[in-house]
Amino acid sequence: MSNTVTTPKTRTKPQVKRPRLYKVLLMNDDFTPREFVVAVLMGVFRMTQEQAYAVMMAAHRQGCCVVAVFTREIAETKAALGTEAGRRAGFPLMFTIEPEE
Ligand code: TYC
């Protein structure tokens with residue numbers, strides 16, 4: 001009994017990989033007022049008025065703009081909160097998420 005050698009059946013691999021990151025994108029539309037987009041960016045993404053205005057104008061001019069980068073759950077939550085804020089106010093404001101390479 002004392003000289004029994006047991007081999008572990010499982011191996012533990014060190015979990016050192018960084019989580020995948022996701023971009024939150026703001027999509028332009030023709031209906032949501034600029035001030036409303038700025039207010040949502042400030043509220044959901046904790047931006048200053050100046051940062052929010054710059055991001056809103058970039059989406060307005062280019063069609064879309066990266067707002068920020070987060071882990072998947074946080075990106076999903078913030079995109080949903082922003083889109084939902086628009087929906088509740090009757091606007092088609094849309095945030096989407098996309099994995100980073
Ligand atoms: N294009 C909108 C307007 O002219 C403003 C706007 C900007 C809406 C950015 C959405 O992501 C957006 N009222």
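Just so you know, residue 1 is the first one in the sequence shown, and it goes up from there. Note that ligands are numbered from 1 as they come in the structure, with each ligand's atoms numbered from 1 the same way.
In terms of protein heavy-atom proximity, atom 11 (O) of ligand 1 is closest to M27 O, 2.8 Å. Of all protein heavy atoms, the one closest to atom 2 (C) of ligand 1 is D29 O, 3.2 Å. Ranking the protein heavy atoms by distance from atom 8 (C) of ligand 1 puts N28 OD1, 3.5 Å first. Protein heavy atom closest to atom 13 (N) of ligand 1, with residue, atom name and distance, is T32 O, 3.0 Å.
Taking every non-hydrogen atom of H60 and a distance limit under 4.0 Å, the qualifying atoms of ligand 1 come out as 1 (N), 2 (C), 4 (O), 5 (C), 7 (C), 9 (C). Under a 4.0 Å criterion applied to the non-hydrogen atoms of L26, ligand 1 contributes the atoms 11 (O).
In this structure, H60 NE2 and L26 CG are separated by 11.5 Å, a value rounded to the nearest 0.5 Å.
Side-chain N or O atoms of T83 include none that pairs as donor or acceptor with a backbone N or O of M94 at under 3.5 Å.
Counting heavy atoms from C-beta outward, Q51 and L41 have side chains that stay 4.5 Å or more apart. Side chains of K78 and F45 form a contact here, defined as non-hydrogen atoms less than 4.5 Å apart.
Taking all atoms of both residues into account, the shortest heavy-atom contact from A85 to V40 is CB-CG2, 4.1 Å.
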